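Below you'll find the structure, written out as C-alpha cells, and then a few comments.
These numbers were taken from a predicted model, which means no experiment stands behind them.
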Amino acid sequence: MIKLIPKTTILTLLVCCTTIIARAQIGFDFSHYEAGFGVGLNSVFGDAQTQTITPSFHLNLTYDPSPYVNVVFEGQFGKLAGGDSLHTATGRQFTADLTAFTLRTQLQMGEIIDYSHNSFKNVIKNFYASAGIGYVVSHITAINRASIKQPGAYYTPGVLNSQGPFVPLRIGYEFKVFNKYQQPAFKVDLGYEYNIVLSDNLDGFTSGSHYDIYSQFVIGVKFAIGGDIVSYRKQIPY
C-alpha cells in the first residue's frame with residue numbers, strides 16, 4: 001500500500017498539470033482554415049456618366065497564419081451596370097455579367113497592437129486593410145454607344161467581352177463570434193472594396209486612357225473548418 005502512494009500522487013499531479021495547461025490555452029486557440037460566402041453591392045466608375053448599383057455573390061476560402069493575418073482567395077459572380085442613354089449627353093449605358101477571382105492578404109489591427117485589458121483597443125483590433133491581385137471577366141449583355149439626346153454628336157467604341165488583371169484594395173471590420181472554448185467559430189465581415197481594373201474595357205466603352213474601377217460594399221460570413229487548431233501568442237478575446 002505504501003508503494004502505491006507515490007504512484008497515485010504522481011498520477012494526480014500529472015492530471016492536475018494537464019488540466020491547468022488545457023485551461024491556460026482557452027482563448028488562445030484558433031483554426032487555420034475558413035470557408036465563407038457573402039453578397040455585395042457594385043458600382044462601376046468608368047466611361048458611363050452615371051452609376052447603377054448591382055448585386056454580386058461571393059465565395060471565399062481563407063488561410064489564417066494568425067487570427068489577425070488572413071490570406072483570402074475569393075470568387076465574385078454578379079452583374080455590372082451604369083449610364084443613362086436617355087438623359088446623358090453621351091448616351092452611354094450598359095449592363096454586363098461579372099466573374100472575378102482575387103487573392104489578397106488582410107492585416108487586422110490586432111496583429112500590431114496590444115489590446116489586453118483595453119476596451120477601446122479591443123474594439124479597433126478587428127479593423128483591417130487588404131490588398132492583392134485579381135482577374136476579372138466582363139461580358140456585355142446590353143449596351144448603347146450613341147447619343148440619343150444629340151444624334152450624331154457622340155459615339156463611343158469598345159469591346160463586348162473583356163478580361164484582365166485588377167488590383168483589389170479593401171478596408172473593413174470583422175466581428176468574431178467565439179465557441180465555448182473561446183475559439184473563433186465564425187465571423188461576420190463588413191467591407192468596402194475598391195477594384196482598379198488595369199484596362200479601359202470593363203464597361204464596354206473605350207474612351208480616354210484611364211483605368212476602369214468598380215467598387216463593392218460587401219457583407220459576408222466565414223466559418224472555421226477543419227481540425228487544424230493552433231495557439232496564438234496572445235489571448236484573442238478579452
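Under the 6.0 Å cut-off for aromatic ring centres, Y135 and F101 do not qualify, their centroids lying 6.0 Å or more apart. When ring centroids are compared, Y68 and Y115 come within the 6.0 Å threshold. A ring-centre distance under 6.0 Å is not found for F45 and Y214.
In this structure, F217 and Y192 have tilted ring planes: the angle between them lies in the 30° to 60° band. In this pair, Y33 and Y63 present their aromatic rings tilted. The plane angle is within the 30 to 60° band. The aromatic rings of F30 and Y232 lie perpendicular to each other, with more than 60° between the two planes, well past the 30° mark.
Paired with I140 under the rule side-chain contact (heavy atoms from CB on, under 4.5 Å), one option of T95, D203, N201, L160 passes, and it is L160.
Residues I219 and V39 meet the side-chain proximity criterion, which asks for heavy atoms closer than 4.5 Å. Here the side chains of T156 and T206 are not in contact, with every heavy-atom distance at 4.5 Å or above. The shortest side-chain heavy-atom distance between V69 and L107 falls under the 4.5 Å cut-off. Counting heavy atoms from C-beta outward, I124 and I113 have side chains that approach closer than 4.5 Å. Contact annotation: the side chain of F186 approaches that of V177 to within less than 4.5 Å [non-hydrogen atoms, C-beta and beyond]. Between L59 and E74, every side-chain heavy-atom pair lies at or beyond the 4.5 Å cut-off. Between L190 and V218 there is no side-chain heavy-atom pair separated by less than 4.5 Å.
Residue L198 places its CG atom among more than 12 non-hydrogen atoms of other residues, nucleotides or ligands, all under 6.0 Å distant. Atom OH of Y211 has 12 or fewer heavy atoms from other residues, nucleotides or ligands within 6.0 Å.
Judged purely by atom type and a 3.5 angstrom limit, D200 uses its side chain to pair as donor or acceptor with the backbone of S207. Although no hydrogens or angles enter the test, the distance criterion places a donor-acceptor pair under 3.5 Å between the side chain of N179 and the main chain of Q183. In this structure, the side chain of N144 engages the main chain of G91 through a donor-acceptor pair within 3.5 Å. A donor-acceptor pair under 3.5 Å links the side-chain atoms of S138 to the main chain of L202, judged by distance alone. Within the 3.5 Å criterion, the main-chain N or O of G110 finds no donor-acceptor partner in the side chain of Q108. Looking at Q49, its side chain does come within 3.5 Å of a backbone N or O of T90 through a donor-acceptor pair. Judged purely by atom type and a 3.5 angstrom limit, Q163 has no side-chain atom pairing as donor or acceptor with the backbone of V137. Of the possible polar contacts, one joining the S31 side chain to the I225 backbone as a donor-acceptor pair under 3.5 Å is found. A side-chain donor-acceptor contact under 3.5 Å links N118 to the backbone of F120.
When every heavy atom of S147 is checked against every heavy atom of A89, the shortest pair comes out as OG-O, 2.6 Å. Minimum heavy-atom separation, P67 to K176: O-CE, 3.8 Å. The two residues G82 and A48 make their nearest non-hydrogen contact at C-CB, 3.9 Å. Taking all atoms of both residues into account, the shortest heavy-atom contact from D29 to I236 is O-CD1, 3.6 Å. When all heavy atoms of L86 and K149 are compared, the closest pair comes out as O-CG, 3.4 Å. Between D64 and K187, the shortest heavy-atom distance links the atoms OD2-NZ, 3.7 Å.
A salt bridge between R145 and D47 is absent, with no side-chain N of the basic residue lying under 4.0 Å from a carboxylate O of the acidic one. One finds a salt bridge joining E111 and R233 here, because a Lys/Arg side-chain nitrogen approaches an Asp/Glu carboxylate oxygen to under 4.0 Å. The pair K121-D114 fails the salt-bridge criterion, with no side-chain N (NZ, NE, NH1 or NH2) lying under 4.0 Å from an Asp/Glu carboxylate O.
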* To do: Go through the steps for T141 and H139 under the test side chain to side chain donor-acceptor pair (under 3.5 Å), then give the verdict.
  => CA-CA 6 Å; T141 56; H139 172 64; over 6 Å; no
* Please test V167 against V197 for side chain to side chain contact (heavy atoms under 4.5 Å, CB included), starting from the C-alpha separation and ending with a verdict. => CA-CA 6 Å; V167 178; V197 182; over 6 Å; no
* Stepwise ring-ring contact (aromatic ring centres under 6.0 Å, His included) test for F77 and F57 -> CA-CA 5 Å; F77 313 93; F57 181 69; 7.5 Å; no
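For the residue pair R170/Y128, the side-chain donor-acceptor check at 3.5 Å is satisfied. In this model, a donor atom of one side chain and an acceptor atom of the other lie less than 3.5 Å apart for Q216 and N42.
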